[in-house]
Engineer: 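First, the structure itself, so that you have it in front of you.
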Amino acid sequence: MVAREPGIDGAGGGGPAPPATRTTCPYCGVGCGVLARREPDGRVTVQGDPNHPANRGRLCSKGSALAETLSLADRLLHPQVGGRRVGWDDALDLVASRFKQAIREHGPDSVAFYVSGQLLTEDYYVANKVMKGFIGSANIDTNSRLCMASAVAAHRRAFGSDTVPGVYADLEEAELVVLVGSNFAWCHPVLFQRLLAARASRGVRLVVIDPRRTATAEQADLHLPIAADSDAALFNGLLRHLDRVGKRDVPYTDAHVTGWPEAVAAAAPATLEAVAAATGCSAQDIARFYAEFAGADRVVTVFSQGVNQSVSGTDKATAILNCHLFTGRIGKPGASPFSITGQPNAMGGREVGGLATMLAAHMDLEDAAARERVQRFWGSPAIATRPGLKAVELFSAVREGRVKALWIMATNPADSLPDADEVQAALRTCPFVVVSDVTARTDTARFAHVLLPAAAWGEKNGAVTNSERRISRQRAFLPLPGEARPDWWALAAAARRMGFAGFDYEGPAAIFREHAALSAFENDGARAFDIGAHDAIGAAAYDALAPFQWPQRRGEPARDTRFFSEGEFSTPDGRARMTPVAVLAAVAQRADFPLTLNTGRIRDQWHTMTRTAKSPRLMAHYGEPFCEIHPADAARLGVAPDGIVRVTTEQGSVLLRALITDRTARGSVFAPMHWNDQFAGAGRVNALVSPATDPVSGQPGFKRTTCRAEPFPAAWFGFAVSATRPAPSSVEYWALAPATGGYRIELAGHAPPADWRAFAERLFGVEGEDLDWVAYHDRLADSIRLAAFAGERLVGALFAAPQPVALARGLLVEALAQTHAGSCRARLLAGLAAAGAPDRGTIVCACREVGAKQIHAAIRTGAANLDAIGERLGAGANCGSCRPEIQRLIQAARVAAPETRTA
Ligand SMILES: Nc1nc2c(c(=O)[nH]1)N[C@H]1C(S)=C(S)[C@@H](COP(=O)(O)OP(=O)(O)OC[C@H]3O[C@@H](n4cnc5c(=O)[nH]c(N)nc54)[C@H](O)[C@@H]3O)O[C@H]1N2
Ligand SMILES: Nc1nc2c(c(=O)[nH]1)N[C@H]1C(S)=C(S)[C@@H](COP(=O)(O)OP(=O)(O)OC[C@H]3O[C@@H](n4cnc5c(=O)[nH]c(N)nc54)[C@H](O)[C@@H]3O)O[C@H]1N2
Ligand code: SF4
Ligand SMILES: [Mo]
């Protein structure tokens with residue numbers, strides 16, 4: 001809950017609470033319905049929408065904390081040119097003239113848009129229309145290239161269209177759910193909760209295929225910790241097995257599938273022994289997986305970034321689709337392959353054709369008739385005739401000076417693209433960069449010539465499509481702050497200034513209407529994406545639009561839909577295509593880079609942290625950039641628990657806290673993608689990642705870069721809290737997190753500062769101020785403790801020692817918000833509470849702010865299961881996202897294996 005600055009949201013005053021606004025969560029592709037309410041005192045509260053079919057009232061930790069991310073601190077509220085505030089007219093005139101100039105002098109392909117699956121459908125539609133229909137280039141690509149491109153390519157290869165056949169209910173109706181390269185428990189938590197509930201009531205079996213033992217894998221009936229990128233071998237072996245045990249659906253494949261004999265022949269070398277060798281799993285476990293898959297008619301295979309983000313991602317996805325087509329297990333209740341999307345509107349972006357390789361409304365850019373049709377519909381002067389630059393190529397082109405003007409919208413490529421230092425170099429050299437964002441200070445915004453303030457979640461109106469093709473409305477419940485405007489508005493205004501007709505939309509309803517009409521335009525049923533039922537929707541009906549699944553053709557009622565159970569594929573002959581998959585030869589590991597870097601997500605952060613890092617609760621789960629490293633590797637390399645590790649690749653180098661755990665395999669290091677220059681000194685993991693891409697989809701292989709790791713020789717470690725944002729510029733390792741009442745910061749350096757007091761003054765930004773200082777130097781332990789007070793208020797406290805600082809961090813953070821009489825100050829420095837409250841340890845349950853130490857204590861005193869812990873501490877009883885971790889603590893206590901921890 002958070003109050004906005006008075007006057008900007010006009011909140012305050014008495015009166016009854018206004019009714020809740022039905023909207024949709026802006027984070028993951030589950031697409032949960034949210035009820036947002038502005039309380040009479042100006043606070044915002046959110047809860048799950050019990051009527052939304054995706055979540056039926058549930059929310060995960062990120063969704064539950066949405067209200068904490070709405071403050072206007074750090075918001076971009078006014079257009080800026082060259083760092084100076086200007087009016088929208090000046091900013092847009094400049095954008096239009098620089099784009100026109102580049103097009104005039106260097107042609108349409110000298111300009112580009114780089115957009116995002118976090119745009120609403122209406123924003124996305126307008127961006128695509130401007131670029132492909134009016135500028136006449138296909139140089140619009142999106143961060144979905146980093147996310148879904150391999151799934152899209154595999155779908156088009158197999159089905160002739162990018163269509164997700166299944167629905168969420170299939171997870172509940174299946175006998176067996178296979179999760180491939182998906183950390184479902186952390187990345188699609190509400191769907192995972194639905195799956196666990198079905199397992200409890202119906203006994204759905206769960207197989208998890210992931211090199212790491214994730215929170216998801218820990219819940220599985222069978223976990224196959226396969227070697228990186230050995231999925232295609234595993235699924236080729238499955239296809240071979242299905243063939244040998246007579247599981248081909250003969251009527252289905254005869255009527256609806258081509259290419260299966262070739263695919264089966266290509267899988268012949270994938271014997272059990274060969275698959276065991278390729279994956280590193282035991283033949284026994286693999287055989288068990290194959291037998292379970294063969295024996296379950298109702299099986300859903302969910303796949304995500306462990307499949308897509310690979311230089312062989314399209315083939316890995318194809319190998320999965322092959323097994324489902326071969327057995328006819330597709331688009332049937334409880335039986336389907338299921339590519340699960342990451343971003344809230346990844347699917348909407350695919351529908352409007354936001355990728356450089358697509359047209360619009362699921363039409364093909366390569367199809368001349370489709371191009372002519374779209375151009376006629378738009379009444380546009382031009383139409384792109386060939387695919388544009390894909391994300392990674394696009395930034396290479398920028399680096400080489402081939403792109404003269406670039407507009408980035410709702411994505412943070414300086415952090416999220418591979419080889420990110422090169423991306424930053426590209427942005428630095430680009431003659432004209434426009435960035436539309438909601439956050440003033442991002443790593444990408446630093447490179448913008450023009451910054452445009454976008455409307456954020458809660459302020460904007462539009463549609464999003466979730467992973468099961470369900471279109472829901474996002475609705476505004478807050479006024480636009482400052483001069484923020486929706487992205488479609490900025491795009492349309494720039495287009496009009498460039499002299500383009502057809503951009504006089506009075507609002508998002510008009511854009512949605514046009515988008516729906518295009519989907520139905522001359523669509524005789526050949527294009528699956530058809531929402532013609534909404535092609536005349538008025539503003540009121542659009543406001544009231546209930547979630548519906550596509551397709552919904554003109555005159556049809558809304559209903560739940562699946563695809564392909566009766567064939568009817570979008571290929572020229574109407575049949576699905578099974579494509580033979582060749583297994584890549586194993587990559588020889590280089591002697592100078594003997595380890596493999598794997599990257600991904602953690603439960604409580606969203607991507608580059610521009611929004612989730614505003615919530616102290618969400619920052620409490622993991623507070624600093626870390627890497628998981630196997631105990632044997634750590635011992636061999638001399639990496640100490642909680643020490644700092646330097647991870648280096650051909651691309652770059654970063655510093656991360658070591659989390660020594662056998663959850664990651666020997667030889668593999670896992671690091672989350674989230675930290676960036678705003679929150680850490682050298683924690684941008686994409687500075688490491690190789691820019692190699694899949695040859696079909698152009699998606700980067702974020703999950704596998706060869707690397708090496710070594711201990712960072714820190715002479716000192718520190719932990720500090722500060723009432724204002726600390727300035728740690730002179731320290732090699734630092735990581736910052738907001739906390740109630742200020743900030744917390746972890747530190748480590750090569751050499752200790754000559755003068756600790758002067759260092760602390762700089763860190764807290766209080767040089768020259770008259771404060772009360774308390775200092776304590778333990779000569780024996782060589783540790784330093786310093787605290788500065790203004791009256792009874794703590795301004796900052798610093799603890800430093802030659803070893804990682806063991807300290808009740810939570811208590812010190814809480815001290816920022818407390819008052820401190822003179823007599824309590826010494827106790828604060830001793831690391832104990834002035835109030836005497838016990839330390840909670842690392843926060844596990846973000847909703848109820850329950851820490852690991854409290855959970856351990858509860859387990860020790862008899863709480864034997866999740867429910868008992870929920871009853872006693874409230875942990876795990878709200879959103880449920882932390883239940884897998886509480887389960888892990890219970891199990892760990894049983895085997896009495898102490899865990900190393902970070903933060
Ligand atoms: N908390 C949170 N949730 C999110 C997001 C977030 O930022 N934070 N982002 C959203 C977005 S945009 C996306 S795309 C999704 C991503 O959701 P997921 O794909 O579930 O998430 P990741 O952690 O990127 O990767 C999943 C797993 O792939 C595994 N993996 C690595 N290499 C391989 C391999 O070769 N084979 C197999 N089988 N597995 C491998 C990794 O070990 C990792 O556990 O999450 C969405 N949800
Ligand atoms: N190493 C590694 N890297 C990865 C991945 C990985 O697994 N490993 N995963 C990749 C994947 S799957 C994805 S999806 C990407 C995600 O990477 P990004 O797209 O860079 O992720 P975000 O941090 O969500 O960036 C969204 C930006 O848009 C802003 N924003 C929010 N709402 C709006 C709005 O309404 N309008 C505008 N104009 N701006 C808005 C936010 O402040 C933020 O700056 O990262 C990719 N990078
Ligand atoms: S699972 Fe969580 S992040 Fe995803 S849509 Fe639902 S509440 Fe939002
Ligand atoms: Mo994603």
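First listed ligand is number 1; within each ligand, the first listed atom is number 1.
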Engineer: Could you name the option among Thr142, Val435, Thr599 that has the heavy atom nearest to atom 8 (N) of ligand 2?
Structural biologist: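 Among Thr142, Val435, Thr599, the closest heavy atom to atom 8 (N) of ligand 2 belongs to Thr599.
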Engineer: Would you check the N or O atoms of Thr442, main chain and side chain alike, for any that come under 3.5 Å of an N or O of ligand 2?
Structural biologist: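 N/O-N/O distance below 3.5 Å does not exist for this pair.
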Engineer: At less than 4.0 angstrom from any non-hydrogen atom of Cys147, what atoms of ligand 2 do you find?
Structural biologist: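 So the atoms of ligand 2 that pass are 12 (S), 14 (S).
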Engineer: Using a plain distance cutoff, I'd like to know if Thr411 has any nitrogen or oxygen under 3.5 Å from a nitrogen or oxygen of ligand 2.
Structural biologist: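 It does: an N or O of Thr411 is found under 3.5 Å from an N or O of ligand 2.
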Engineer: Do Val434 and Ile408 have side-chain heavy atoms sitting under 4.5 Å apart?
Structural biologist: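 No. Closest side-chain heavy atoms not under 4.5 Å.
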Engineer: Using the side chain to side chain contact (heavy atoms under 4.5 Å, CB included) rule, pick out the option among Asn183, Leu179, Val302 that qualifies with Val208.
Structural biologist: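 Testing each of Asn183, Leu179, Val302 against Val208, the sole residue satisfying side chain to side chain contact (heavy atoms under 4.5 Å, CB included) is Leu179.
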Engineer: Using distance alone, with no hydrogens and no angle criterion, decide if Thr664 and Glu628 have a side-chain donor and acceptor under 3.5 Å apart.
Structural biologist: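 Thr664 vs Glu628: no donor-acceptor pair found between side chains.
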Engineer: For Asn345 and Gln118, which I'm curious about, is there any donor-acceptor pair between the side chains at under 3.5 Å?
Structural biologist: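 On atom types as modelled, these side chains do not qualify, holding no pair under 3.5 Å.
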Engineer: By number and element, which atoms of ligand 2 are closer than 4.0 Å to a non-hydrogen atom of Lys703?
Structural biologist: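 Near Lys703, the atoms of ligand 2 are 7 (O).
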Engineer: Give a yes/no on ligand 2: does Met148 have at least one heavy atom closer than 4.0 angstrom to it?
Structural biologist: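 No, Met148 has no heavy atom closer than 4.0 Å to ligand 2.
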Engineer: Heavy atom of Asp415 under 4.0 Å from ligand 2?
Structural biologist: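 Distance cut 4.0 Å: Asp415 fails for ligand 2.
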Engineer: Among Met609, Arg601, Gln343, which residue places a heavy atom closest to atom 12 (S) of ligand 2?
Structural biologist: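 Looking at heavy atoms only, Arg601 sits closest to atom 12 (S) of ligand 2.
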Engineer: Is the backbone of Ala198 close enough, under 3.5 Å, to the side chain of Glu172 for a donor and an acceptor to pair up by distance?
Structural biologist: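 Checked: no pair found.
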Engineer: Within the 4.5 Å heavy-atom criterion, are Leu597 and Thr706 side-chain neighbours or not?
Structural biologist: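 Side chain of Leu597 against side chain of Thr706, heavy atoms only: no contact under 4.5 Å found.
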Engineer: Any side-chain donor paired with an acceptor under 3.5 Å for Thr444 and Asn412?
Structural biologist: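 Result is yes, a qualifying pair exists.
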Engineer: If we set the cut-off at 4.0 Å for heavy atoms, which region of Asp487 has an atom near ligand 2: side chain, backbone, both, or neither?
Structural biologist: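 For Asp487, the contact with ligand 2 is made by the side chain alone.
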Engineer: Only heavy atoms count here, so choose which of His607, Met673, Gln305 is nearest to atom 45 (O) of ligand 2.
Structural biologist: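 Looking at heavy atoms only, Met673 sits closest to atom 45 (O) of ligand 2.
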Engineer: Hey, are Thr411 and Ser116 close enough side-chain-wise for a donor-acceptor pair under 3.5 Å?
Structural biologist: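 No, because no side-chain N or O of Ser116 sits under 3.5 Å from a partner of the opposite role on Thr411.
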Engineer: Could you check which of Gly117, Ser116, Gly29, Ala410 puts a non-hydrogen atom nearest to atom 39 (N) of ligand 2?
Structural biologist: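 It is Ala410 that holds the nearest heavy atom.
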Engineer: Could you see which bit of Trp606 sits under 4.0 Å from ligand 2, with heavy atoms only: side chain, backbone, both or neither?
Structural biologist: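 Just the side chain.
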Engineer: At a 4.0 Å threshold, what atoms of ligand 2 neighbour a non-hydrogen atom of Thr439?
Structural biologist: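 This gives 42 (O) as the contact atoms.
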Engineer: Is a donor from one side chain sitting under 3.5 angstrom from an acceptor on the other, for Thr24 and Gln474?
Structural biologist: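 Side chains of Thr24 and Gln474: no pair found under 3.5 Å.
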Engineer: Side chain or backbone of Thr610 under 4.0 Å from ligand 2, or both, or neither, by non-hydrogen atoms?
Structural biologist: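 The answer is the side chain.
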Engineer: Taking the side chain as C-beta and beyond, is there a heavy-atom pair between Leu688 and Glu650 under 4.5 Å?
Structural biologist: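 Leu688 vs Glu650: side chains apart.
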Engineer: Side chains of Ser416 and His607: is there a donor and an acceptor less than 3.5 Å apart?
Structural biologist: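 His607 and Ser416 do not have a side-chain donor-acceptor pair below 3.5 Å.
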Engineer: What atoms of ligand 2 come closer than 4.0 angstrom to any heavy atom of Val438?
Structural biologist: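 Those qualifying, in numeric order: 30 (N), 31 (C), 32 (N), 33 (C), 34 (C), 39 (N), 40 (C), 42 (O).
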Engineer: So, Asp421 and Gln651: side-chain donor and acceptor under 3.5 Å apart, yes or no?
Structural biologist: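 There is no such pair (donor and acceptor under 3.5 Å, judged by atom type) between the side chains of Asp421 and Gln651.
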Engineer: Check whether any heavy atom of Ala455 sits under 4.0 Å from an atom of ligand 2.
Structural biologist: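 Distance cut 4.0 Å: Ala455 passes for ligand 2.
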Engineer: I want to check something: taking the side chain as every heavy atom from C-beta on, are Glu122 and His515 in contact at a cut-off of under 4.5 Å?
Structural biologist: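 They are not in contact (no side-chain heavy atoms under 4.5 Å apart), so the answer is no.
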Engineer: Mark up the atoms of ligand 2 that fall under 4.0 Å of a heavy atom belonging to Ser436, in ascending order.
Structural biologist: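 Answer for ligand 2: 37 (C), 38 (N), 39 (N).
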Engineer: Identify, by atom number and element, the atoms of ligand 2 in contact range of Ala454, meaning under 4.0 Å from any of its heavy atoms.
Structural biologist: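 Close to Ala454: 36 (N), 37 (C), 38 (N).
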Engineer: Below a 4.0 angstrom heavy-atom separation, can you tell me which part of Asp437, side chain or backbone, both or neither, approaches ligand 2?
Structural biologist: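 It is both parts that get close, each with some atom under 4.0 Å.
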Engineer: So, at under 2.8 Å, which protein N, O or S atoms would a careful student list around atom 8 (Fe) of ligand 3?
Structural biologist: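 Listed by chain and number, the nearby protein N, O or S atoms are Cys25 SG.
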Engineer: Say whether Arg212 and Ser668, considering side chains only, have a donor N or O and an acceptor N or O under 3.5 Å apart.
Structural biologist: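 Arg212 vs Ser668: no donor-acceptor pair found between side chains.
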Engineer: Check this for me: does any side-chain nitrogen of one of Asp229 and Lys703 sit under 4.0 Å from a carboxylate oxygen of the other?
Structural biologist: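 Salt bridge: no.
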Engineer: Can you find a pair of side-chain heavy atoms, one from Tyr124 and one from Trp488, that are under 4.5 Å apart?
Structural biologist: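 The answer is no; the side chains never approach within 4.5 Å.
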Engineer: Between Arg611 and ligand 2, is there a nitrogen or oxygen pair with a distance under 3.5 Å?
Structural biologist: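 Between Arg611 and ligand 2, no N or O pair is found under 3.5 Å apart.
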